[in-house]
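What follows is one structure encoded as structure tokens, with my remarks underneath.
Protein chains get the first letters and strands the later ones, always in sequence-line order, with residue 1 at the start of each.
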Amino acid sequence: MTRHLITSAIPYINGIKHLGNLVGSQLPADLYARYLRGRGHEVLFLCATDEHGTPAELAAAKAGKPVAEYCAEMHQVQARIAEGFGLSFDHFGRSSSPQNRVLTQHFAGVLADAGLIEEVSQEQIYSPTDGRFLPDRYVEGTCPNCGFEDARGDQCDNCTKQLDPAELINPRSTISGATDLEMRETKHLMLRQSQMKDQLNDWINAKADWPVLTTSIAKKWLHDGDGLQDRGITRDLNWGVPVKRGDADWPGMEGKVFYVWFDAPIEYIASAQEWVDAGKGADWERWWRTDKGADEVRYTQFMGKDNVPFHTLSFPATIMGSGEPWKLVDYIKSFNYLTYDGGQFSTSRGRGVFMDQALEILPADYWRWWLLSHAPETSDAEFTWENFQASVNKDLADVLGNFVSRITKFCRSKFGEAVPEAGSYGPEEEALIADITARVARYQAQMDAVEVRKSAAELRAIWAAGNEYLQAQAPWSVFKSDPDRAAAQVRLALNLIPLYATLSAPFIPDAAARMLAAMRVEAPVWPDDVPAALAALPPGHAFDVPEVLFAKITDEEREGWAERFAGKRD
RNA sequence: GGCGUUAUAGCUCAGUUGGUUAGAGCGAACGACUCAUAAUCGUUAGGUCGGUGGUUCGAGUCCACCUAACGCCA
């Protein structure tokens, strides 16, 4: 038994995430966590909300609330939706937690002691009216490239050109509208990632088993141009972790906070502390300190491809550079993007399905199954309503749901609602048991390798094997001439249901629970021994015929949803 | 402009270190069955692997160039 630490990239606080965000990190992380728990491993599965930075301040301002209050509310919203999707976090923390504040300041201190933080002076826009320096997005003005009057400090929305705030013509503060802006010299901290380039390079090169998406992005950042660049880790904001050197003040850094990318991944560690402080765990160091037992932990991270540079380079630079015995990630599973009907999901245009809306129209299992069985592992994947309807109806309703339905109802009509006792197994039954045994081994191999789509395909094949068996043996025909033989066939088929439920639980936990409840199985065990698992329901074991597990999606529903979520035209 | 990823049957995707007749699911056609959510099971028909040119006894699988989509950077 290995101990497994699993983290999902932490979703940003400003608003509800769409299905693409979900399938890119939280959902596959949950799949893996549930699988490992199911197999009896000790798992710590952590996530959190990423709360600092300019977008949070802007979103709070738009909502007319103090940013701390806004974040607290949105954290609750995201936590509730995550629960709705069955995301089984051991703790869902907050990057604005006091634990993360202390830890972030600690890392900055030890990195500075190690000579890995550099103070640099730069000119930045200052607003005397607002009494503060203005980060990119707090400055708007006329685009020097196209003349668009409402260009943002970091990018022009009209011509999409990336901008420096100092380039804007007639710049103004988005806080107060003040135009008396001036350039002032200010100091910022840079993390000297370039000093660690060789160390990071060796580390990445040793990860031959990582997804090519992960390593190719890392190598690009390592080797492109002049190689890995130093990065600023401070910003002129109020909302964030105040810049300190450990618990000491940092001269010249008054009023500044750490840039969000620096404190966000540290929250992975802080979340474990929060987990303990919330009374849910006893010892976080055995998960994170290699001198306290974490050297026996296998740590797997899940994230979308946009987060790969931070997790392959910046955060490892923080960990390695500290010189302290923190646990480094062992495996990084990264995902491409999910597109919606040929385009991008768009929050502003209401295009695509967002997590709260998804749960309004269908149970979580439908989404979990489709998203995971179509996870964008090797390239971007596309969501279409036609594909969604076809996949869900076929896989969940016809193959799995109908299997449970047909065998429980047949048994009820011929033998009553209890596992029949008569008859014994023959070569056909042995063949099925052998087939299932082989398939379960393949399923486990794919899950162990975090091959999400392939795992789903193998699971589906296991479901189909039950239908193949029934079709070939036809107990409804056999029953007419040899009821005892039919009884044995039904007994085996009924025993497939708890096996299916246990294997399927990582993908479709709610349906799996209903299957187990119907079969009156209290404590499911992972089928490490398939023949034994297929004898778990003894003759005479009473069960209930369950309600329809998965209702089919109708054409009318599909069309209505397609229209509802198409988004507004520009 | 640079870099990266992708480009395989109508659709969604597999194809380990190059090696006999390129695989799966869906969809389609045909057949079987009738226990079941008009569900299931089987059979068959569909690709020469984006294009061109190389390396090799042999390439979807390596190299070069080109094209297209997406992304990152500039």
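With distances taken from any side-chain atom of R453(A) to the nucleotides U37(B), C13(B), C35(B), the minimum falls on C13(B). In the set U34(B), U40(B), G42(B), the nucleotide with an atom closest to the side chain of R406(A) is U40(B). The side chain of A464(A) approaches C41(B) more closely than any other nucleotide in the set C41(B), U40(B), U37(B). With U40(B), A36(B), G71(B) as the choices, the nucleotide that has an atom nearest any side-chain atom of S405(A) turns out to be A36(B).
Contacts of F479(A) with the nucleic acid, taken as non-hydrogen atoms under 4.0 Å apart, are absent. At a threshold of 4.0 angstrom between heavy atoms, the contacts of A381(A) are confined to the sugar-phosphate backbone, with no base atom among them. Across all strands shown, A474(A) has no heavy atoms under 4.0 Å from either base or sugar-phosphate atoms. Within 4.0 Å of L549(A), counting heavy atoms only, lies at least one base atom of the nucleic acid.
For the pair R460(A) and C26(B), the criterion of a side-chain N or O lying under 4.0 Å from OP1 or OP2 is met. Dashed line: the shortest gap from a side-chain N or O of K552(A) to OP1 or OP2 of A38(B) is not under 4.0 Å. Residue K454(A) has no polar side-chain atom (N or O) positioned under 4.0 Å from OP1 or OP2 of C13(B).
The ring of W369(A) has its center no closer than 6.0 angstrom to the ring center of F550(A). If you look at F315(A) and F310(A), their ring centroids are not closer than 6.0 Å. In this structure, the ring of H311(A) has its center less than 6.0 angstrom from the ring center of Y268(A).
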Q | Pair assignment for RNA chain B - dot-bracket with | for other-strand partners, Watson-Crick or G-U under 3.5 Å | A | (((((((..((((.....[...)))).(((((.......))))).....(((((..]....)))))))))))).

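Nucleotides of RNA chain B nearest to H374(A) and L470(A) differ in position, and the one nearer the 5' end is that of H374(A). Of the residues near RNA chain B, I407(A) and N387(A), the one whose nearest nucleotide (by heavy atom distance) lies more toward the 5' end is N387(A).
G42(B): glycosidic angle beyond 90° from 0, hence anti.
Using P as the reference atom, G2(B) and A64(B) are 15 Å apart when rounded to the nearest Å. The separation of G58(B) from G19(B), taken at their P atoms, amounts to 14 Å, rounded to a whole angstrom. Separating the C1' atom of A7(B) from that of U12(B) is a span of 14 Å, rounded to the nearest Å. Taking the C1' atoms as reference points, G71(B) lies 29 Å from C26(B), given to the whole Å. For the P atoms, the distance from G15(B) to U6(B) is 11 Å, rounded to whole Å. Across the P atoms, U17(B) and C63(B) are found 12 Å apart, a figure rounded to whole Å. Comparing U8(B) with A22(B), their C1' atoms are spaced 8 Å from each other, to the whole Å. C41(B) and A36(B) have their C1' atoms separated by 13 Å, with the value rounded to a whole Å.
Partners of N387(A) under the side chain to side chain donor-acceptor pair (under 3.5 Å) rule, at least two apart in sequence or in another chain, are W370(A), H374(A), S391(A). By the side chain to side chain contact (heavy atoms under 4.5 Å, CB included) test, R514(A) pairs with A511(A), L549(A), sequence neighbours left out.
A parallel orientation is assigned to the rings of W385(A) and F565(A), their planes being inclined by less than 30° (bins at 30° and 60°). Using a 30° and 60° split on the angle between ring planes, F415(A) and F479(A) fall in the perpendicular class, above 60°.
In this structure a side-chain-to-backbone donor-acceptor pair under 3.5 Å is missing from K333(A) to A29(A). A donor-acceptor distance shorter than 3.5 angstrom exists from the side chain of D230(A) to the backbone of Q193(A), with no hydrogens or angles considered.
Here F410(A) does not pack flat against the base of C35(B), since the 5.5 angstrom centre distance and 30 degree tilt limits are not both met.
Between E382(A) atom CD and C70(B) atom P the separation is 12 Å, expressed in whole Å.
You won't find any donor-acceptor pair under 3.5 Å spanning the side chain of D398(A) and the base of A39(B), going by distance alone.
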